[in-house]
> 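Right, I'll just put the structure down here and ask away after.
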Amino acid sequence: MKSSIHALLTKALENLVSKGVLESVPAEETIQVERTRDPSHGDFASNCAMMLCKSAGMKPRDLAQQIIDSLPGSHLIQEVSIAGPGFINFRFSSSAWHTEIRRVLEEGVSYGTSHLGKGEQVLVEFVSANPTGPLHVGHGRHAAYGASLANLLEAVGYNVRREYYVNDAGRQMQILALSLWLRYLELHDVAAALPENAYQGEYIIDIARDLQAEHGDSLVRDPSVLPSVTDAEDKETALSDLIAACRELLGEDTFRIVQDKALDAILSDIKDDLSEFGVVFDRWYSERSLSETGAIDRALEKLQANNHTYIKGGATWFRASDLGDEKDRVVVRDNGQTTYFASDIAYHLEKRERGFEILLDVLGADHHGYIARVRAGLEAMGEPPGSLEVKLVQFVSLFRAGKKEQMSTRSGQFVTLRQLREEVGNDAARLIYVMRSNDQHLDFDLELAKSQSSDNPVYYIQYAHARVASVTRQLHEKGYRWDPESGLASLHALENPHEMALMKTVTRYPEIVETAALNRAPHMLVHYLRDLANDFHTYYNAHQFIVEDQALRDARIGLIHTARQVIANGLGLLGVSAPDSM
RNA sequence: GCGCCUGUAGCUCAACCGGAUAGAGCAACGGCCUUCUAAGCCGUAGGUUGCAGGUUCGAGUCCUGCCAGGCGCGCCA
């Protein structure tokens, strides 16, 4: 609908150029068309006369008049007028709305999709939580946001892949392995203190039981030779010493067995969790594989070849400060080991090598410092820095009965995503997670999410969908049958304000999907669906749909079917179900 | 100290690339069930968009400086 106005305006401006009134047709972005906020201003408005008046050397209202005079005729438009400082207001004819309503019914589940993205390849990387424990409620927001965003991008014609970067290398994994082994010793009544900075979570005991079932007591060693962490001043160093001693005691192969056991158990738990949450990934990308495939070496070679590295203190540094980062970064430590950062830029290089044009990372707000350095890394390796786009997701605060819950993975005191899902349900969780802008802190209220009332937007929207389904059932019980063609032919009968409002809101859907996708803002879709549900509920209360008059009845049922369709499509993009009864 | 994010109604938040009279929900108050699900609808009330300047036809939105809150600044991952 909006695009047809856009096309008409472009035509008008071209006409003015050929008449010599304007010098050239302006860039597409400067021709703005918006839905009006106030119905008295018509349906759509453009500010282009005000934008162009200066270069044309005319008063805005005069230019607006010229533009209007140059508009090609269209059956869509009922009225065009100039308002305020120079807005051009368009009012659609009712047949324009009816045509769009027909489209909704014809296109069904694909209504709202478009080819805006032109098949451009996008890699959305999200969640990517360390596989050191179950996902907690914060990860849930990342999952819901990333999945909805990926769906939106796909809907507007991007070629989207979803990826989870698995941090299966490095120190955290070793701490995890150590924690598991110590828990395993506990099961065999071998006394060994679990350091406070190791992983304390109960879930590790469960994994230890599995380990015990698979290996019996064959992994038991005498821990008395191990150094103590508790008495140490520097607990992190002491923990590293303990890990080193443990590896020596067990041997590398056995230590690896323990580590892989922990990784496999936790990763498969994460996969199940996300899949139950309706969040699926095309690929689980192993950090470890980066060194195995030589991706890290390739990245380092590119940095060196482009003269972006230097040696200092035995380590290899990346000259990131030359490319917008605040300081230089180590890529190879003095002990020869590559850093996490080296893996990271290697991973992003590898994404580019696979042909992705947009690398869209969904990260926690605490990772903002890392954007500049990865971007610098891409640039140094000869990739466009703008190909990396990062969306930061702010923290989630969980409230239970007005009390804020504290979360910490290492201490093991946190509410897991699974617990949350079991308590409030997947639908409520998915929707509440994305109803706020990603760069806004989210207060997740468990009582609200569970409440079956209007303060809960999940039920409000789903209820609208269920009501339409219920009307359809009632229709059949009363012996009627809905004839879509008759309904479409009778749309002119729908002229009361509630019907016009609903029609206009329903047909706004494609525009919403587009702006939500381009702004990476699923919350816009949530707000829209709430508005749509509101228009439907209002209509429902004001008018009877199942009436004697067949033409009117078919038209009304047709209209509410479009509302149902759009709600189902929208909720589908958000990973929320659209039930037929509640 | 430097950097990123946030500040809008009593509370939680919207406001599409700078547009016309800043909008919803909750909470408060008052109405609507003999009629397709009241998990709903309608109405009333609620604002100097943190503060001070600036840019322009027009600023919650952009720029500068303050104030307040969150987060980040490792040869950790």
> First locate atom OG of A:S577, then atom CG of A:D427, and finally report the distance between them rounded to the nearest 0.5 Å.
3.5 Å
> Taking the same atom, C1', in B:G50 and in B:C5, what whole-Å distance lies between them?
16 Å
> Select one nucleotide: of B:C41, B:A20, B:C36, the one nearest the side-chain heavy atoms of A:A45.
B:A20
> Rounded to the nearest 0.5 Å, what's the gap from CG on A:D439 to CG on A:L392? Could you check?
8.0 Å
> Report yes or no: is the cationic atom of A:R467 (NZ for Lys, CZ for Arg) closer than 6.0 Å to the six-membered ring centre of A:Y540, at no more than 45° off its axis?
yes
> Could you check how far OH of A:Y540 sits from P of B:U35, rounded to whole Å?
11 Å
> Report the distance from atom CD1 of A:I461 to atom C1' of B:G40, rounded to the nearest whole Å.
14 Å
> Would one find a side-chain N or O of A:R333 under 4.0 angstrom from OP1 or OP2 of B:A77?
yes
> Rounded to whole Å, please give me the gap between CZ in A:F545 and P in B:C36.
12 Å
> Tell me: CD of A:E477 to C1' of B:U35, nearest whole Å?
15 Å
> Measure from the side-chain heavy atoms of A:Q544 and tell me the nearest of B:C75, B:G40, B:C36.
B:C36
> Report the nucleotide, chosen from B:C75, B:A20, B:U12, that has the shortest atom-to-atom distance to any side-chain atom of A:D443.
B:U12
> Taking only the side-chain heavy atoms of A:M50 (C-beta and beyond), determine which of B:C4, B:C57, B:C41 contains the nearest atom.
B:C57
> In whole Å, measure the gap between the P atoms of B:U64 and B:U6 for me.
15 Å
> Only pairs at least two apart or in different chains count here, so list each salt bridge (Lys or Arg N to Asp or Glu O under 4.0 Å) that has a residue in residues 542-564 of chain A.
A:E499-A:R556
> How long is the span from the NE2 atom in A:H348 to the CG atom in A:L388, to the nearest 0.5 Å?
5.0 Å
> Measuring only the C1' atom in each nucleotide, how far is B:A24 from B:G47? A whole number of Å is fine.
15 Å
> Where do A:A428 and A:V458 come nearest, in terms of heavy atoms and distance?
CA-CG2, 3.5 Å
> What is the distance from CG of A:D531 to C1' of B:C13, rounded to the nearest Å?
13 Å
> Name the residue from A:I311, A:T339, A:T316 that meets the side-chain contact (heavy atoms from CB on, under 4.5 Å) definition with A:V332.
A:T316
> Would you kindly compare A:S470 and A:L392 by the position of their nearest RNA chain B nucleotide and give the one closer to the 5′ end?
A:L392
> Could you list the protein-to-nucleotides 60-63 of chain B atom pairs, N/O on both sides, closer than 3.5 Å?
none

> Choose from B:A39, B:A38, B:C16 the nucleotide whose nearest atom is closest to any side-chain atom of A:R467.
B:A38
> In dot-bracket, 5' to 3', how would RNA chain B read with Watson-Crick or G-U wobble pairs under 3.5 Å, [ ] for crossing ones and | for pairs to another strand?
(((((((..((((.....[...)))).(((((.......))))).....(((((..]....))))))))))))....
> Side chain of A:Q172 only, please: which of B:C4, B:A77, B:G70 is the nearest?
B:A77
> Please state the C1' separation for the pair B:G30 and B:G46 - nearest whole angstrom.
16 Å
> Test ring-ring contact (aromatic ring centres under 6.0 Å, His included) on A:F341 and A:Y370 and set out the steps.
CA-CA 9 Å; A:F341 173 62; A:Y370 125 141; 8.0 Å; no
> Quick one: do A:Y460 and A:H537 satisfy ring-ring contact (aromatic ring centres under 6.0 Å, His included)? Show the steps, please.
CA-CA 9 Å; A:Y460 186 84; A:H537 288 310; 4.8 Å; yes
> For the residue pair A:H498 and A:H543, categorise the inter-ring angle as parallel (less than 30°), tilted (30 to 60°) or perpendicular (more than 60°).
perpendicular
> Any pair with a residue in residues 34-53 of chain A that passes salt bridge (Lys or Arg N to Asp or Glu O under 4.0 Å), sequence neighbours left out, goes on the list, sorted by first then second residue, please.
A:R35-A:E511, A:D43-A:K504
> May I ask you to decide if the ring planes of A:Y285 and A:Y165 are parallel, tilted or perpendicular, using 30° and 60° as cut-offs?
tilted
> Could you list the protein-to-nucleotides 71-74 of chain B atom pairs, N/O on both sides, closer than 3.5 Å?
{"from": "B:C71", "atom 1": "O2", "to": "A:H368", "atom 2": "NE2", "distance (Å)": "3.1"}
{"from": "B:C73", "atom 1": "O3'", "to": "A:K327", "atom 2": "NZ", "distance (Å)": "3.4"}
{"from": "B:C73", "atom 1": "O2'", "to": "A:E326", "atom 2": "OE2", "distance (Å)": "3.1"}
{"from": "B:C73", "atom 1": "O2'", "to": "A:K327", "atom 2": "NZ", "distance (Å)": "3.0"}

> Whole angstrom is fine here: how far is it from NE2 in A:H537 over to P in B:A24?
16 Å
> NA contact type, A:A464, heavy-atom cut-off 4.0 Å: base, sugar-phosphate, or nothing?
nothing
> Compare the minimum distances between each of B:A20, B:G19, B:A14 and the side chain of A:R436, then state the nucleotide with the smallest one.
B:A14
> Can you figure out which of B:A77, B:C16, B:G40 approaches the side chain of A:R171 most closely?
B:A77
> Looking at CZ of A:F318 and CG of A:L323, how far apart are the two atoms once the value is rounded to the nearest 0.5 Å?
5.5 Å
> Which part of the nucleic acid, if any, lies within reach of A:N89 when heavy atoms closer than 4.0 Å are counted: base, sugar-phosphate only, or nothing?
base
> Within 90° of 0 counts as syn, otherwise anti: where does B:C17 fall?
syn
> Counting only side-chain heavy atoms from C-beta out, which of B:A20, B:A14, B:C5 sits nearest to A:D439?
B:C5
> Report the glycosidic orientation of B:C33: syn if within 90° of 0, anti in every other case.
syn
> Checking side-chain contact (heavy atoms from CB on, under 4.5 Å) against A:R288, which of A:V166, A:D168, A:N167 comes through?
A:D168
> Just how far, in rounded Å, is C1' of B:G58 from CD of A:E34?
13 Å
> For a salt bridge (Lys or Arg N to Asp or Glu O under 4.0 Å) check, start with the C-alpha distance between A:E236 and A:R171, then their side-chain angles and the critical distance, and finish with the verdict.
CA-CA 11 Å; A:E236 291 300 316; A:R171 181 177 149 85; 2.4 Å; yes
> Quantified in whole Å, what is the C1' atom distance between nucleotide B:A27 and nucleotide B:G65?
38 Å
> Locate the shortest heavy-atom distance separating A:V80 from A:F90; write the atom from each residue and the value.
CG2-CD2, 3.9 Å
> Measure from the side-chain heavy atoms of A:K2 and tell me the nearest of B:A77, B:C16, B:G19.
B:C16
> Provide the distance between the two P atoms, one in B:G72 and one in B:G58, to the nearest whole Å.
42 Å
> Can you tell me how far the CG atom of A:L574 sits from the CG atom of A:L152, to the nearest 0.5 Å?
7.0 Å
> Does the base of B:A20 carry an N or O that pairs as donor and acceptor with the side chain of A:N47 under 3.5 Å?
no
> For A:A466, report the nucleic acid contact type (base, sugar-phosphate, nothing); a contact means any heavy atom under 4.0 Å.
base
> Just how far, in rounded Å, is C1' of B:U21 from NE2 of A:H41?
8 Å
> Kindly give the atom pairs (protein nitrogen or oxygen, nucleotide nitrogen or oxygen) under 3.5 Å for nucleotides 8-11 of chain B.
none

